[in-house]
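Heads up, the thing below is written out as structure tokens.
All values reported here derive from a predicted model rather than from experimental measurement.
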Amino acid sequence: MGKTADLTVVQKTTIDTLHKEGKTQKVIAKEAGCSQSSVSKHINREAKGRKRCGRKKCTNNRDNHTLERIVKQNPFKNVGEIHKEWTAAGVSASRSTTHRRMQDMGFSCHIPCVKPLLNNRQQKRLVWAKDKKDWTAAEWSKVMFSDESKFCISFGNQGPRVWRKRGEAQNPRYLRSSVKFPQSVMVWGAMSTAGVAPLCFMRSKVNAAVYQDVLEHFMLPAADQLNGDADLIFQLDLAPAHSAKATSTWFKDHGIPVLNWPALSPDLNHIENLWGIVKRKMRYARPNNAEELKATIRATWALITPEQCHRLIDSMPHRTAAVIQAKGAPTKF
């Protein structure tokens, strides 16, 4: 019974049926009443004997390796440019075949992520993360995170796309420098584990005086609303208006402790995730002017729930661990 030749027609039919259903060979052997080795030999024999259907591929493995090398060397080129370079290497294939082969290799087209490329500041990020690695989620819940973000009226113009594989979004070779768009508004926002603060739309360039006005009229009321009498630690990045001596004096005069913060670290600031959520939800919005843009931003920001904020705050220990593992380099967050 252990030999493939001894299998009956009924047993072979049972093996084929169960194999198509995705059953394991152990289960198939039990159902068919034969040994597992007989099942394996029958399946392998059927696979080897099965004739290929359809048109023969016009490219071979060597051609495909050449294409993969071209894409990796030039990930910001479009399909037409990649196709031209591939055919120049001696490969006879159509543009659609080039696109299919790229997809078969796992490449897909994306808008490049925009993150600062760190170098000598990595060490400071690493030191900061090691200093905060023992902070618990409860300790991070005392922090109010804040930041400014630019929103553009023209969402369609997002620049060139990049070819990359899954999991390579933060690879430095696939990142691009940020691009400034016209017709935009600058927004200040803050969040804590209890939810988001009301937004403030900046009317002028953010200097120390403008920023302190925002703190006075937006941050303080939001802190009372979100944190109440609980201890508060305020987070802000190292932008000139934030790190100005007059701003530091403002915090001291109001008795608000400030969290020391490493430069160029948007992956550690939860509010960056919230800006991303708002912008994704506004992807298909088409405001005609700045006022309509502001109204859309306010309405979308109001949809953010305290539960979302709480989950982001709880991720902080994982973020510091990721920075340590990356030795100060940018992380997936």
Side-chain angles (χ1 to χ4, degrees), residues 113-149 167 169-172 175 188-197 211 214-215 219-220 222-223 226-245 247-252 254-277 304-333:
C113 296
V114 180
K115 282 199 174 182
L117 301 180
L118 306 181
N119 37 58
N120 59 342
R121 291 186 175 89
Q122 290 185 10
Q123 184 61 30
K124 292 184 179 180
R125 275 169 51 91
L126 182 59
V127 171
W128 183 92
K130 288 181 177 179
D131 182 58
K132 300 293 187 293
K133 68 182 177 67
D134 294 326
W135 277 37
T136 63
E139 289 175 292
W140 285 113
S141 67
K142 300 176 183 178
V143 180
M144 175 180 280
F145 291 85
S146 69
D147 193 23
E148 295 87 27
S149 184
Q170 305 306 327
N171 188 314
L175 302 179
W188 175 91
M191 58 88 74
S192 73
T193 189
V196 295
Y211 186 65
V214 173
L215 295 174
M219 189 277 280
L220 290 180
L226 297 175
N227 290 60
D229 296 329
D231 293 337
L232 169 69
I233 303 173
F234 193 71
Q235 178 276 334
L236 70 170
D237 60 27
L238 301 182
H242 303 171
S243 57
K245 187 175 181 180
T247 302
S248 300
T249 302
W250 186 94
F251 280 107
K252 290 178 182 178
H254 288 78
I256 300 174
V258 175
L259 179 68
N260 64 307
W261 197 252
L264 298 176
S265 298
D267 53 342
L268 292 170
N269 193 346
H270 308 295
I271 202 168
E272 294 290 347
N273 299 95
L274 297 187
W275 294 136
I277 291 171
I304 296 173
T305 65
E307 289 75 20
Q308 287 176 291
C309 298
H310 188 77
R311 285 196 297 269
L312 287 171
I313 297 290
D314 281 348
S315 72
M316 200 62 197
H318 301 292
R319 293 175 187 242
T320 54
V323 171
I324 293 172
Q325 185 176 4
K327 298 181 180 179
T331 67
K332 66 177 182 178
F333 294 99

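Partners of Asn227 according to the side chain to side chain donor-acceptor pair (under 3.5 Å) rule, which considers only residues two or more places apart in sequence or in another chain, do not exist here. When the side chain to side chain donor-acceptor pair (under 3.5 Å) test is applied to Asn273, the partners found at least two apart in sequence or on another chain are Arg319. Residues satisfying the side chain to side chain donor-acceptor pair (under 3.5 Å) criterion with Lys142, sequence neighbours excluded, are absent altogether. Checked against side chain to side chain donor-acceptor pair (under 3.5 Å), Trp250 has the following partners two or more places apart in sequence or in another chain: Glu216. When the side-chain contact (heavy atoms from CB on, under 4.5 Å) test is applied to Glu307, the partners found at least two apart in sequence or on another chain are Thr305, Arg311.
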Handout entry: side-chain contact (heavy atoms from CB on, under 4.5 Å) between Asp314 and Trp140, worked out
Key = CA-CA 8 Å; Asp314 281 348; Trp140 285 113; over 6 Å; no

Exercise for the section: Give the C-alpha distance, both sets of side-chain angles, the deciding distance and a yes or no for side-chain contact (heavy atoms from CB on, under 4.5 Å) between Leu259 and Lys132. Expected result: CA-CA 11 Å; Leu259 179 68; Lys132 300 293 187 293; 3.7 Å; yes

Exercise for the section: Report the C-alpha separation of Leu215 and His254 in whole Å, then their side-chain angles, then the decisive distance to 0.1 Å, and conclude whether the side-chain contact (heavy atoms from CB on, under 4.5 Å) test is met. Expected result: CA-CA 11 Å; Leu215 295 174; His254 288 78; over 6 Å; no

Practice task
List the steps, then state whether side-chain contact (heavy atoms from CB on, under 4.5 Å) holds for Gln308 with Ile277.
Solution key: CA-CA 10 Å; Gln308 287 176 291; Ile277 291 171; 3.9 Å; yes

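The minimum heavy-atom distance between His318 and Phe333, with the atom names listed, is O-CE1, 3.9 Å. The shortest non-hydrogen separation linking Ala241 to Tyr211 is O-CD2, 3.9 Å. Between Asp147 and Trp275, the shortest heavy-atom contact is O-CZ2, 3.5 Å. Summarising the geometry of Phe234 relative to Ser146, their closest heavy-atom pair is CZ-OG, 3.3 Å, with the distance given to 0.1 Å. When every heavy atom of Pro257 is checked against every heavy atom of Leu232, the shortest pair comes out as CG-O, 3.2 Å. Contact record, Leu264 with Pro266: C-CD, 3.4 Å, taken as the closest heavy-atom pair.
Looking at Asp267, its side chain never comes within 3.5 Å of a backbone N or O of Pro330 through a donor-acceptor pair. Judged by distance alone, with hydrogens and angles left aside, the side-chain atoms of Thr247 form no donor-acceptor pair with the main-chain N or O of Ser243 at under 3.5 Å. Using a distance-only test at 3.5 Å, with no hydrogens or angles considered, no donor-acceptor pair links the side chain of Trp261 to the main chain of Asn269.
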Please tabulate, for the side chains in residues 188-197, all donor-acceptor contacts under 3.5 angstrom to protein atoms that are two or more places apart in sequence or on a different chain.
from   : atom 1 : to     : atom 2 : distance (Å)
Ser192 : OG     : Ala194 : N      : 3.2
Thr193 : OG1    : His310 : ND1    : 2.7

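Here CG of Asn260 is found 10.5 Å from CG of Leu236. Values are rounded to the nearest 0.5 Å. In this structure, Met144 CE and Ile313 CD1 are separated by 10.0 Å, a value rounded to the nearest 0.5 Å. The structure places CD1 of Ile324 at 7.0 Å from NZ of Lys130, a figure rounded to the nearest 0.5 Å.
The closest side-chain heavy-atom distance from Leu268 to Val323 is below 4.5 Å. In this structure, Leu312 and Leu274 have side chains that are in contact, with non-hydrogen atoms separated by less than 4.5 Å.
Remark: the Glu148 side chain and the His242 side chain contain an N/O donor-acceptor pair separated by less than 3.5 Å.
Evaluated for a side-chain hydrogen bond (donor to acceptor under 3.5 Å, both in side chains) with Ser265, the options Lys124, Arg125, Glu272 yield exactly one hit, Arg125.
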